[in-house]
Amino acid sequence: MAAAAAPSSSGQDIPAPLVPILAILASAYRSFASALTRIPGSPIVIRYIESSYQNDPWRSILEVLLVAFAVRTLLKGRTRGDASSKNWVKLREEEIDELVDEWVPQPLVDEPSDVDKFTLASVPVINGPNGLRVKLASSGKMVTNLATVDWTGMIESDKMKQVAIDTLKLYGVGSCGPSGFYGTIDVHTKFEEEVSSFLGTESAIIYSQAYATISSAIPSFAKRGDIIVADKGVNFAIHKGLEISRSTIKWYAHNDMKDLERVLQNVEKEQKRKGGRLTRRFIISEGVFENDGMMVDLPKVMELKRKYKYRLILDESYSFGMIGAHGRGVTEYYSIPAAEVDILIGSMGNGLGAGGGFCAGSYHVCKHQKINSSASVFSAALPAMLATTASSALATIQTQPALFTSLQANILLFRQILSKIEPIPMSDTPATSATGLTASAATPLTGSSPSKTPNKDAIIHIPSHPSSALIHIFLLNAPGTMEEEERILQDVVDELLAKSDVIVTRARRLRGQEAFEPEPSLKVCLSGALSRKETEKAAKGLKEALIKVCGKKR
Amino acid sequence: MGRTTRPSLATTSTSTPPTSYSKGSLSSARSSLINVLSRPRLPLTSLSTATALAQSDGQLTPEDDYSTASSYASSVSSSGGSFSGNSKEDNAEEIAKAYRNYLEKPFVNTKSGIKHSEFGHCNNPNWRWTSQWNTDEPIHPEEDLAPPLYILVSTYFSYLIFIILGHMRDFFGKHFAVSRYAHLLPTKDYAALYSDFDSFYVRRLKKRIDDCFSRPVTQVPGRTINLLDRESSDQNEHFELTGTQTRALNVSSYNYLGFASSTGGCADAVESSIRRYGVASGGPRHDANTLDLHQQCEKLVAKFCGAESSMVFSMGFATNSTNIPALVGKGCLVISDELNHASIRFGVRLSGASVRMFKHNDMGALEQLLREVISQGQPRTHRPWKKILVIVEGLYSMEGSLLNLPVLIDLKRRYKFYVYVDEAHSIGAIGPNGRGVCDYFGIDPREIDVLMGTFTKSFGAAGGYVAGTKELIDRLRVRSHAYTYADAVSPAILTQVISSMGSIMGVAPPLAPVKEDDDAMSVMSRPISYGPALASQLPPWLNLPATLLNGTEGRERLRRLAFNSRYLSSGLRKLGFLMYGHRDSPIIPLLIFNPGKMPYFSQMMLKRIGPDLTPIVVVVVAYPATPLITSRVRFCLSASHTKNDIDLILRAADEVGDVLDLKLGEQTMSVEEVIASAEELVAAAF
């Protein structure tokens, strides 16, 4: 205040009526200043202020106005911003009462539509334990379950059960707190160390749900103004993570490396044109895509990521524990060190038959999430028994590569049978061996035998990678609406269950909430723990069901 | 409305002990023994207050207590650490040894198979209370607690110093120790992974007290918890485990009803469930991963909440973040309490609905806002809102404040909004039947449109639920993100939920006959919707012991938790601490303001400066979880704590409070007076 009053008294061209007021101000200022001089060091400050405001009343006025404006802004509640806006309608209390009385809200939930009823009615219920052979509540029949993710047969493993019981007797069930407040159990740390050394990354962090892992990990790094280049076919959880992050999102065509490069070039051009500061840039893709079972072309993505200086976020929720000689995921499949992927997400539910998710990466990547990822900070930690069973499953898959060879053998058998009704059938003597883990398996099905003539009996199309145990089956001649298509697929599911005692599922979607509506498909999850005979029976049954339901509709 | 007053209850609680209590004279002697043990240096005369209870029986004298002390100590301490009657000769080590026994060996005769270290055995029927709304007590204080000016100034000043020092360290570090700051600096073509500004608080303020956070633990987070000792040689950047463990009294875990346990009926049920079902869920519910167990659990949860239908999820956080977007969208308005949990904010942000906030628990501010938003309509277009969803929490986890539900329901009738109550902390912990805030206030749960809660806290499990009308739940089943894309709940966890929830409800038939003087009010006022679980709803293979089946143990736990909460909260207030929260809340925040006092509070509770050395673990919280100024320590009580445990916490807080100048209010009682008059304090209105 002293500074503001000071220059007025020393101004030269002041209008006459103001002079007495200014004189009073000046004397007040002087007595205040003399008090100030008693404070040690104050003369220096005063001299500075005096000299800087000498002969410049306009500057003083401007600054006083600025201070007043700042105070006004601070005092104004942020939530009451509307009241002063142009659009505000001032109403009397009686008018407000009237409006309140008149307002009729929509019901909280809409009436269930036919599609909703159809969705609910088609959810199968299992009596007793889940696994590869389950008892259906509706019919009481034992059926082969190809709807549940169980790549290596961990769900029914007796060893896992024993580990869980041992854990129960030491740790109880719940963790009763977030990891920040006494929820960091030693078994969590143990699993984090094990999974990071298994993958070869510096560090890892676990979350209590696989779905929440990626949707919370993305916004913990990507903020407003950052650039994310994402595959159009990524799963729902990633979409939600992208939405939360508020970053600038550029989409590239699903699994199309040329388009990825085009997008990266465009971003580079745009940034060069605009200039500005360096922003964080991420590429987001999945290892094996949840929506169609395709596999990312990781070597190419790595090349582009290095070339254009991006960081890679790779969701391996489906590929971890499924792909690679030891189930390390697509990084092992392509022999690329996992440590080169900046942020790698995996699921302990899908891959390890336990529950929860994890993120592997450098020390700083993981440490940052411990305090900044909301699903990690604000959620109760994973129950101890899910961490120990995951540890046990990890040890099993490391020591038993046979689990993956039999899984690949089953996949190959299944795909061969179904390829009879695909546009381009697989040759009966495949180029890859039954263990199918060599790089040649990476070439997509359609490209492997271009000389073949198109199959006239083709009714389905399977874009899933030949090594993927997650197989999505799409109809070739889809009817007009997605709803009709879903109903046809459900007929296939019902037919297969009735004739062959095999249960598969339609890929369930949240129609209306998806960013890009995925085409309806059938989802099949194969397992290495299934016998060849069962796999063959399931594949043949599925083929027949497809022919029966879709064949007649053509 | 079903609201009741509680005069008869107050008389039962404060009257002389019933005759049956004399049978437990041994137990009372041992309970009061702890009061003696924890103050071994007190002169004998002062024991008269500590053992007032024993004396009221007219059977024991302090000297008798001491003789029991020596015999008991030698009997429980196998290493032969004899506990002589003359406490002056005892060295600290022996006392510590006695206290290790204190944490692990029960002081009362019990047939229960549950470990004392996980669930304290406490037989005194006077140390019980019923959690129920007393219409005379305010639900939420009108005004915030104001600290003295010097505390306010010094708190801001210390933050200022921390910030200046932090920036100086950053400045010099970035110029002279580049390798250590590499992850914060942009490299040639990459921007820094996270900005140094965003992480400033964590690196420069939180890291100073990182030894108080994320302490690694092992085994059950029950009444006690096993800490893995650790130390840091590089200023909390890394910690190394020393290999030793410390068993400490646990007032940090959300274990309200003490169901976190490796022994007992629930654990046995979970074991048989694992043998039957395994642990994995297999994937999303809609993809053939819906087990009979899921359906049984959902029916039970619906019954528990007094709702028509319910659905369960594998993560509490995701319950909010994946279901709110399924309820509201563009053109809808969410009105949210300013202190709502991060998961709610996450869900609301995903939903695309507009958001307005109101001052924490201030129903006046809410009404004001409602009038504004309904009359103004949507911004710019002035179209009426499609629907308005008010999202509040039943019990706020950082404040301990209870939702002002009666007023909210009145507002709901007038303003026609929908109510979403997040009962993450209140379900199981509040109310005469443990059914959350509706039960506490005697309000029909069907008045609430969306009841949400978690299984992590009161039920010792994991995950969350949403309950409501059948239409709501059916709609959510097809629209909830989690049902289609997230893993279902693990069967082992479902069993923990079913067995703990079933034992709170009691299973009919048979529900235990209610003793006349026991909990009479709450049982009479029990609404039909809060009846027992039907035996037919439980899995047929589930074997629960009789005390769990007939609901006596569940009721006992609820009443112990209610007593513990009210006792500690009242006691700390009498000692002059500034406290937040409702007295019936099991979350009890004690304000410490100055950030520098936080680590000391935590460390002094762990290391203890008092004579008995029993370690206590507490949670300290500061910005950004709380407003900048109100750093606090938070006690989370449990039914597993015995009254002696609460005495211990009071003594420890008293010691630390004196040293750290935390008694900023008016101290009206000494700690011994508080301990001696526990029952009066609990019964009294403040």
Side-chain angles (χ1 to χ4, degrees), chain A residues 79 87 91 96 99-100 103 105-106 108-109 112 116 119 123-127 129-130 147-149 155 161 164-165 168-174 176-177 180-182 184-186 208-212 236 278-280 309 349 353 355 364 368 371 374-375 378-380 383 389 503 505 508 510, chain B residues 183 186 189-191 194 202 213-214 216-221 252-255 260-262 270-271 274 277-280 282-283 286-292 314-315 317-318 342 357 371 374-375 380 384 386-387 416 418 449 456 460-462 471-472 474-475 478 484-487 490 496 619:
Chain A
T79 50
N87 210 13
L91 296 161
I96 294 179
L99 283 166
V100 166
W103 181 60
Q106 289 181 1
L108 181 60
V109 287
D116 292 349
T119 307
V123 175
V125 180
I126 294 166
N127 262 352
N130 203 347
T148 292
V149 176
I155 293 186
K161 289 181 186 173
I165 289 171
L168 170 73
K169 296 210 166 141
L170 270 178
Y171 293 87
V173 179
C176 291
F181 304 148
Y182 307 95
T184 310
I185 312 177
D186 52 354
S208 39
Q209 192 190 50
Y211 173 88
F236 192 83
L278 195 60
T279 53
R280 278 177 290 264
K309 314 290 177 196
H364 287 294
H368 178 72
I371 320 156
S374 45
F378 297 107
S379 158
T389 46
I503 181 163
T505 177
R508 305 278 176 164
L510 291 169
Chain B
H183 63 286
D189 299 295
Y190 288 93
Y194 45 92
V202 168
F213 297 107
S214 302
V217 300
T218 182
Q219 300 180 5
V220 177
S252 301
S253 293
Y254 305 131
N255 175 30
S261 180
S262 64
V270 174
E271 185 182 335
I274 294 174
Y277 285 93
V279 282
H286 277 342
D287 295 358
N289 294 304
T290 299
L291 306 183
D292 48 354
S314 57
M315 184 188 191
F317 183 95
M357 305 230 263
R371 292 177 71 81
I374 295 176
S375 62
R380 288 170 45 78
K386 286 182 184 163
K387 51 194 170 193
K416 297 173 275 190
Y418 301 107
D449 301 281
T456 320
E471 293 79 57
L472 171 84
D474 277 353
R475 179 74 175 161
V478 288
T484 306
Y485 289 113
D487 286 353
S490 152
Q496 170 76 17
V619 164

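Predicted, not measured: the structure shown is a model, and the values here were computed from it. Proteins come first, then strands; the chains are lettered A, B, ... in the order of their sequence lines, and each starts at number 1.
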Under the side-chain hydrogen bond (donor to acceptor under 3.5 Å, both in side chains) test, residues paired with B:Gln219 that sit two or more places apart: none

Look at the aromatic rings of B:Tyr194 and A:His368 and report parallel, tilted or perpendicular, splitting at 30° and 60°. parallel

Test A:Tyr211 against B:Ser314 for side chain to side chain donor-acceptor pair (under 3.5 Å), laying out the working first. CA-CA 10 Å; A:Tyr211 173 88; B:Ser314 57; over 6 Å; no

Should B:Tyr277 and A:Pro129 count as side-chain neighbours, where that means a heavy-atom distance under 4.5 Å? yes

Determine the option with the most heavy-atom pairs under 4.5 angstrom with chain B, choosing from A:Ile371, A:Ile185, A:Val123, A:Val125. A:Val125

Atom group of A:Leu510 that falls short of 4.5 Å from chain B, counting heavy atoms: both

When every non-hydrogen atom of B:Ala191 is compared with those of A:Arg280, the smallest separation belongs to CB-N, 3.5 Å

May I ask you to name which of B:Lys386, B:Arg380, B:Gln496 has the most heavy-atom pairs under 4.5 Å with chain A? B:Lys386

pair A:Asn130-B:Asn289: side-chain heavy atoms closer than 4.5 Å: yes

In terms of heavy-atom pairs under 4.5 Å with chain B, the winner among A:Gly180, A:Pro112, A:Gly177 is A:Gly180

Of the listed residues (A:Ala212, A:Ala375, A:Ala380, A:Gly353), which shares the most heavy-atom pairs with chain B below a 4.5 Å separation? A:Ala375

Of the backbone (N, CA, C, O) and the side chain (C-beta and beyond), which part of A:Leu108 lies under 4.5 Å from a heavy atom of chain B, both, or neither? both

Considering all heavy atoms of both residues, which atom of A:Gly349 and which atom of B:Asp487 are nearest to each other, and what is their separation? CA-OD2, 3.7 Å

Count the heavy-atom pairs under 4.5 Å between each of A:Val149, A:Ile165, A:Ile155, A:Leu91 and chain B, then report the option with the highest count. A:Ile165

With a 4.5 Å heavy-atom cut-off, do A:Asp116 and B:Arg475 have their side chains touching? yes

Shortest non-hydrogen contact from A:Gln106 to B:Lys387? O-CB, 3.9 Å

With a 4.5 angstrom heavy-atom cut-off, could you sort out which part of B:Pro216 is near chain A: side chain, backbone, both or neither? both

Do A:Phe236 and B:Tyr485 have ring centroids that are under 6.0 Å from one another? yes

CG (B:Asp292) and CD1 (A:Ile126) are apart, to the nearest 0.5 Å, by 9.0 Å

Any side-chain to backbone donor/acceptor pair from B:Lys416 onto A:Val100? Under 3.5 Å, distance only. yes

Do A:Tyr182 and B:Ser214 meet the criterion of a side-chain donor-acceptor pair at a distance under 3.5 Å? no

All heavy atoms of A:Ala164 vs all of B:Val279, minimum pair found to be CB-CG1, 3.5 Å

Which atom of A:Pro383 lies closest to which atom of B:Ala462, heavy atoms considered: CG-CB, 3.6 Å

Find the one option among B:Pro221, B:Gly283, B:Pro186 whose heavy-atom pairs under 4.5 Å with chain A are most numerous. B:Pro221

Just do the side-chain contact (heavy atoms from CB on, under 4.5 Å) check on A:Arg508 and B:Asp287 with the steps written out, would you? CA-CA 7 Å; A:Arg508 305 278 176 164; B:Asp287 295 358; 3.3 Å; yes

Given a strict heavy-atom distance threshold of 4.5 Å, which part of A:Ile503 is in contact with chain B: side chain, backbone, both, or neither? side chain

Tell me, do B:Tyr418 and A:Pro105 make a side-chain contact under 4.5 Å, heavy atoms counted? yes

Out of B:Val270, B:Ile274, B:Ile374, return the one with the most heavy atom pairs under 4.5 angstrom to chain A. B:Ile274

Taking every non-hydrogen pair under 4.5 Å, which of A:Leu278, A:Thr389, A:Thr505 racks up the most with chain B? A:Leu278

Looking only at heavy atoms and a cut-off of under 4.5 Å, which of B:Thr456, B:Val202, B:Asp474, B:Leu291 has the most pairs with chain A? B:Leu291

Please assess B:Ser252 against A:Phe181 for the test side-chain contact (heavy atoms from CB on, under 4.5 Å), listing each intermediate value before the final yes or no. CA-CA 7 Å; B:Ser252 301; A:Phe181 304 148; 5.6 Å; no

Apply side-chain contact (heavy atoms from CB on, under 4.5 Å) to the pair A:Ser374 and B:Phe317, showing each step before the final yes or no. CA-CA 9 Å; A:Ser374 45; B:Phe317 183 95; 3.8 Å; yes

